[in-house]
Amino acid sequence: MYDRLWRSSFAKHNLHGRVQDVCGVKVAGLGGVFRGQIWMPPAMPLYASPSLFIRKIGKSGMWRGGLPRRHRSTIFQSVYEKLKECKADILITHEAPSMHPKGFKALDDLAVKMGCKIIFHAHQHESKRYCPCNGLCARGIGLRGIIDLEGNVIVPAQVDPRELEAKVRSVPSPVKTQLRRTPASKFRRLNRFNRFSRKGWSNRPPKKERQG
């Protein structure tokens with residue numbers, strides 16, 4: 001998968017860390033995610049650039065002569081600061097800006113510094129339109145969804161099957177919930193009075209007939 005994306009003709013379409021003119025519109029890109037091992041805004045970065053991190057981990061921690069594969073998708077401050085020096089109309093990011101509950105104000109600051117009027121982001125797998133904040137608009141794009149520059153949906157987003165499966169697993173079964181919340185003492189009391197008995201059968205032993 002890595003080779004098909006980064007060592008093929010697709011690589012030239014990568015917007016990460018640069019600005020591209022698309023039909024007269026300047027589009028900037030900041031891919032990847034923030035990771036605490038490198039940089040988690042608003043905290044200061046532990047490693048400002050890939051070279052500093054590689055120097056720390058040494059050759060044994062490298063992958064194909066560079067960053068470990070995991071950190072090929074990590075945001076470094078050096079890329080962020082380089083983008084700040086550019087101008088663009090639109091900023092496309094993977095992480096969400098601060099309008100999202102799990103977003104980052106650092107992306108707002110980047111967009112404002114670059115002169116962008118709108119941010120398109122992914123990562124949260126939510127198709128979401130935010131209210132403008134400080135003159136900046138943002139739009140979340142769901143899984144495999146496609147929208148135009150005005151935010152109109154062209155291809156509706158899909159539900160992430162992994163997230164759906166996780167939600168289903170997190171919903172407790174009504175029967176298990178009832179059993180878990182019923183004290184053991186109450187079970188013994190209910191059983192004693194045959195509250196669980198059904199029509200046609202009973203837990204109570206048969207009565208002995210009296211002999212005259």
Side-chain angles (χ1 to χ4, degrees), residues 5-6 10-50 70-164 166-167:
L5 282 173
W6 305 110
F10 286 110
K12 65 183 180 182
H13 299 294
N14 179 24
L15 276 174
H16 177 63
R18 68 190 185 98
V19 178
Q20 179 71 35
D21 188 290
V22 182
C23 299
V25 179
K26 290 185 177 181
V27 183
L30 183 66
V33 296
F34 292 110
R35 290 191 171 99
Q37 188 180 3
I38 304 297
W39 183 29
M40 184 62 69
M44 293 297 293
L46 299 179
Y47 302 96
S49 66
R70 171 180 175 81
H71 289 300
R72 300 290 174 105
S73 60
T74 297
I75 299 174
F76 283 84
Q77 189 190 34
S78 58
V79 179
Y80 175 90
E81 293 295 335
K82 183 180 178 180
L83 268 181
K84 266 190 172 182
E85 301 173 0
C86 304
K87 294 295 180 182
D89 303 308
I90 295 172
L91 176 61
I92 298 178
T93 65
H94 188 72
E95 289 278 21
S98 66
M99 292 80 158
H100 192 280
K102 296 181 181 179
F104 295 87
K105 186 178 180 299
L107 298 181
D108 302 18
D109 299 338
L110 176 61
V112 171
K113 183 69 175 178
M114 298 182 70
C116 300
K117 298 300 181 183
I118 186 169
I119 300 176
F120 291 95
H121 80 87
H123 192 45
Q124 304 300 333
H125 292 182
E126 297 174 352
S127 181
K128 200 167 186 176
R129 187 191 298 271
Y130 305 93
C131 295
C133 181
N134 298 325
L136 185 64
C137 297
R139 186 73 163 81
I141 305 176
L143 181 66
R144 301 188 184 97
I146 300 176
I147 62 177
D148 62 18
L149 295 183
E150 303 299 326
N152 301 310
V153 176
I154 298 174
V155 177
Q158 300 177 11
V159 177
D160 189 337
R162 295 171 299 179
E163 294 181 359
L164 181 61
K167 287 182 180 179

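As the structure is a prediction and not an experimental result, all values here were calculated from the model. Residue numbers start at 1 and run along the sequence shown.
In plain terms, the two heavy atoms of T93 and I119 that are nearest each other are OG1-CG2, 3.9 Å. Closest approach of H94 and H123 over heavy atoms only: O-CB, 2.9 Å. Nearest heavy-atom pair, R129 versus G151, reported as atom, atom and distance to 0.1 Å: NH2-O, 3.1 Å. In this structure, R18 and K12 approach most closely via the heavy-atom pair NH2-O, 2.9 Å. Scanning all heavy atoms of the two residues, the minimum distance from M99 to L136 falls at CE-O, 3.5 Å. Of all the heavy atoms in L91 and L30, the pair that sits closest is CD1-N, 4.5 Å.
Proximity of a side-chain donor or acceptor of Y130 to a complementary backbone N or O of P97 within less than 3.5 Å is not detected. Of the possible polar contacts, none joining the R139 side chain to the I147 backbone as a donor-acceptor pair under 3.5 Å is found. Checking side-chain atoms of E95 against main-chain N and O of F34 turns up a donor-acceptor pair under 3.5 Å. A donor-acceptor contact shorter than 3.5 Å links the side chain of W39 to the backbone of A43.
Atom NE2 of H121 is separated from atom NE2 of H100 by 6.0 Å, given to the nearest 0.5 angstrom. Once rounded to the nearest 0.5 Å, the distance linking CD1 of I75 with CD1 of I38 reads 11.5 Å. With rounding to the nearest 0.5 Å, the separation of CD in Q124 from NZ in K102 is 5.5 Å. Note that the CD1 atom of I92 and the CD1 atom of I141 stand 7.0 Å from one another [nearest 0.5 Å]. Between the CD atom in Q20 and the CD1 atom in I90 there is a gap of 13.0 Å [rounded to 0.5 Å].
One finds no salt bridge joining D109 and K113 here, because no Lys/Arg side-chain nitrogen approaches an Asp/Glu carboxylate oxygen to under 4.0 Å.
Few gaps surround NZ on K84; more than 12 heavy atoms of other groups in view lie less than 6.0 Å from it.
For the pair Q37 and H71, the minimum side-chain heavy-atom distance is below 4.5 Å. Between P50 and S78, the closest side-chain pair of non-hydrogen atoms falls below 4.5 Å. Residues C116 and K26 form no side-chain contact, since every pair of their non-hydrogen atoms from C-beta on lies 4.5 Å or further apart.
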Q: Show your reasoning for whether side chain to side chain contact (heavy atoms under 4.5 Å, CB included) applies to V19 and M114.
A: CA-CA 10 Å; V19 178; M114 298 182 70; 4.0 Å; yes
